[in-house]
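Chain letters run A, B, ... following the sequence lines, proteins first and then strands; every chain starts at 1.
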Amino acid sequence: MFASLSERLQEVFASIGRESRLTPEAVETALREIRMALLEADVNFKVVKAFVDRVRDRAVDREVLDSLTPTQQVVAIVRDELRALLGDGPTGLSVSSQRPQVVLLLGLQGAGKTTTTVKLAHWLKQQGRHPIVVSTDVRRPAAIEQLSVLASDAGVRVHESSADTAVVARAEGAVTTGREMGFDVVLVDTAGRLHIDDDLMAELEAIKSSLAPSDLLYVADAMTGQDAIKSAGEFNRRLDISGVVLSKMDGDARGGAALSVVSVVGVPVTFIGDGERIEDLQPFHPDRLVSRMLGMGDVLSLVEKAEQAVSQEDAARLEKRIRRNQLTLQDMRDQLASVSKMGPLEKLTELIPGMNQTASQLPDGAEVNPRALKQTMAIIDSMTRRERTHHQIIDGSRRRRIARGSGTTVQEVNRLLKQFMDMRKMLRAVGGVSRSRRKKGGRRRLPTGMRFPMG
Amino acid sequence: MPAETLDALEELLIEADVGVAATNRLIEAVRGRADDGDLRALVRDELLALLEARPASPSPDVSPRVVLVVGVNGTGKTTTVGRLARLLTSEGKQPVICAADTFRAAAVEQLEVWAGRVNADFIRATTGSDPAAVVFDAVSSGKAKGRDVVLVDTAGRLHTRANLMAELDKIRRVAGRVVAGAPHETLLVLDATVGQNGLPQARAFLETAGVTGIVLTKLDGTAKGGIAVAITAELGVPIRYVGVGEQIDDLLPFSAEDYVDALFEPVW
């Protein structure tokens with residue numbers, strides 16, 4: 001099975017010894033592991049080569065931060081380089097004065113263009129925009145109908161034009177309708193096509209020159225392998241795409257293709273699709289992809305601890321409370337707030353050393369969804385300061401008040417309190433593990449990113 | 001053997017998505033035999049031996065034979081079902097097409113068009129209904145009418161979604177209740193552009209859906225679908241068909257020789 005890069009690096013450096021400085025040999029061993037992990041994450045062969053060379057240059061040069069072990073230094077360099085590659089430019093749609101603003105979605109067959117079109121329309125509506133969608137896929141059977149069904153489920157207006165079978169005419173019709181009826185964005189779904197299909201690529205060029213879209217979004221499957229740069233590269237060469245939408249990120253693919261596309265084709269990732277529901281489209285966050293690709297959430301947390309003294313203090317305080325079993329509802333709320341800003345919640349337990357086994361002991365239904373998280377925070381927000389630090393005092397009358405205040409029910413408040421107490425119990429067990437490890441081998445602390453599993 | 005040549009070979013295999021582990025295994029296999037001739041020929045032989053040593057398609061005595069088509073979203077399952085039906089009718093067989101994708105909008109309509117093109121029986125479900133129920137209907141109908149094969153198109157599902165994977169298990173049990181041993185073949189449709197995630201996909205579908213073969217689609221692009229080699233090497237699941245174009249006849253029985261030759265062909 002896939003061993004995460006962090007685990008591999010930790011193994012490599014464990015054999016070197018904790019106190020040693022970074023030797024060239026150690027760097028080479030680490031670089032081999034990095035190369036392997038990136039290739040297994042589907043980063044393009046050539047990109048990996050260049051990347052590893054850059055990390056080598058910096059690893060040999062870099063000043064040694066005194067509180068860090070070699071593992072963390074190398075990981076920090078890798079993280080920085082990945083972040084630099086992915087960039088932190090604006091994501092989402094471009095800002096355009098064009099009315100209606102025209103957005104073209106294109107890509108290979110089966111990448112997820114139609115689904116993405118409707119998800120994007122939904123996202124735009126959330127932003128207060130007024131989108132209309134149109135399908136120009138006159139080739140795949142029932143493709144037009146697929147868009148219509150999805151759009152009407154999502155309450156999104158579709159430009160229907162059974163008469164127009166010519167692709168460009170359909171798209172133009174949608175723009176005209178959009179302008180006349182006051183829609184401010186037209187999303188044009190196109191047929192899937194191979195980048196080497198000259199006729200069909202020419203068709204896209206025709207649509208582009210007729211509509212002058214502000215955004216040309218290339219929809220790419222997150223599971224794509226080494227071919228990603230060839231296909232995206234050719235689409236970009238002919239059409240000058242403005243951004244990439246990475247679809248199907250809810251699977252367990254590492255999504256390294258995104259890195260290849262960004263670094264070779266030079267086009268930013270703008271959105272990711274991470275589920276089958278209409279809401280499952282988000283503007284892209286490079287950091288999340290970085291930790292996902294390398295499976296190194298825990299190490300990232302450790303590095304952040306070294307770099308951020310303040311949160312280190314917080315972490316130390318939190319750790320102490322856990323050890324003394326003094327965890328409060330306020331701590332829980334603080335952590336949930338940071339959790340909600342973070343990546344895939346199911347992965348959170350992985351951040352905590354020794355927590356993987358504990359996670360399987362969580363009650364069923366502990367699967368995390370963002371709405372539940374919000375609700376949990378609302379419940380805690382409706383408590384008084386004293387209630388948050390002394391959960392024992394929350395009696396029936398207080399529970400009713402809290403439920404009213406948070407728009408939930410007493411049952412939900414009860415459930416939260418029970419989870420909180422279970423968590424205290426569980427964390428006490430984890431704390432015990434850490435203590436016994438500490439006796440055996442050196443100092444071991446919970447990382448800054450100490451997170452709570454939450455249902 | 002010159003290290004440079006080995007490096008070039010490694011690059012070729014990795015860029016074809018064969019993956020680090022399988023690539024290393026192939027290179028180890030030829031490393032010692034450098035002097036015996038052309039390196040490429042050696043690797044070619046290794047690959048051929050691997051891809052040809054595969055279990056034949058199960059051919060039970062029962063009728064109808066039930067073929068389940070599974071895979072993640074967007075790999076080309078529905079199109080593959082249409083083309084499999086075409087292959088069968090061109091052999092003079094009578095297939096039943098079963099549209100068990102009750103999730104994706106208009107998936108049933110898409111398949112209905114294919115069924116019309118090849119003039120096959122078509123059993124449909126309404127969107128949102130239980131896919132196992134329509135499979136039951138289709139297999140029963142095929143049995144009653146004495147059809148040769150029932151082709152079942154299923155909804156695309158990511159292999160990490162446990163409840164959706166469990167649904168496949170239910171479909172299998174229901175099919176087996178109507179015809180002994182059904183489904184007799186379960187084909188995993190794999191997009192040639194897929195990278196290393198193809199392996200966990202295949203593993204998951206093998207475990208929950210008992211995959212017996214792979215259909216490698218979209219080979220007419222620049223992708224080589226090398227992860228299928230890793231899947232055959234690691235899990236012993238053979239490649240059965242390849243999709244090589246957009247036309248209805250563009251599904252071919254897999255030929256190891258053609259595939260390996262294409263693997264070594266320069267891209268563009």
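Ionic pairing of B:Glu10 and A:Arg35 is present here: one or more N-O contacts between side-chain nitrogen and carboxylate oxygen are shorter than 4.0 angstrom. Taking the charged nitrogens against the carboxylate oxygens, B:Arg157 and A:Glu276 have no contact shorter than 4.0 Å, which rules out a salt bridge.
Summarising the geometry, atom CD belonging to B:Glu246 is positioned 6.5 Å from atom CG belonging to A:Leu200; distances are rounded to the nearest 0.5 Å. Put simply, OG1 on B:Thr193 and CG on A:Asp227 are 6.5 Å apart, with the number rounded to the nearest 0.5 Å. Summarising the geometry, atom OG1 belonging to B:Thr222 is positioned 3.0 Å from atom NE2 belonging to A:His195; distances are rounded to the nearest 0.5 Å.
Counting heavy atoms from C-beta on, the side chains of A:Pro141 and B:Glu112 never come closer than 4.5 Å. Contact annotation: the side chain of B:Glu11 approaches that of A:Lys46 to within less than 4.5 Å [non-hydrogen atoms, C-beta and beyond].
B:Asp17 places a side-chain N or O within donor-acceptor distance of the main-chain N or O of A:Gln226, the cut-off being under 3.5 Å. At distances below 3.5 Å, not a single donor-acceptor pair connects side-chain atoms of A:Lys230 with backbone N or O atoms of B:Ala223. Judged by distance alone, with hydrogens and angles left aside, the side-chain atoms of B:Asn197 form no donor-acceptor pair with the main-chain N or O of A:Met223 at under 3.5 Å.
If you measure heavy-atom distances from B:Thr75 to chain A, you find no contacts under 4.5 Å at all. In this structure, the portion of B:Asp191 lying under 4.5 Å from any heavy atom of chain A is its side chain and not its backbone. For B:Leu164, the part lying under 4.5 angstrom from a heavy atom of chain A is the side chain only. Within the 4.5 angstrom heavy-atom criterion, only side-chain atoms of B:Gln201, from C-beta onward, approach chain A. With a threshold of 4.5 angstrom between heavy atoms, B:Val194 approaches chain A through its backbone and through its side chain.
Note on A:Leu108, A:Asn44, A:Thr224, A:Asp153: by heavy-atom pairs under 4.5 Å with chain B, the leading option is A:Thr224. Contacts with chain A were tallied for B:Val113, B:Ile227, B:Ile14; B:Ile14 has the most, counting heavy-atom pairs under 4.5 Å.
For B:Glu28, the CD atom is densely surrounded, since the number of other residues' heavy atoms within 6.0 Å is greater than 12.
Between the side chains of A:Gln146 and B:Glu109, no donor-acceptor pair of N or O atoms lies under 3.5 Å. B:Thr160 and A:Asp252 share no donor-acceptor pair across their side chains, judged by distance under 3.5 Å alone.
Taking every heavy atom of both residues into account, A:Ala142 and B:Gln110 meet most closely at CB-N, 3.4 Å.
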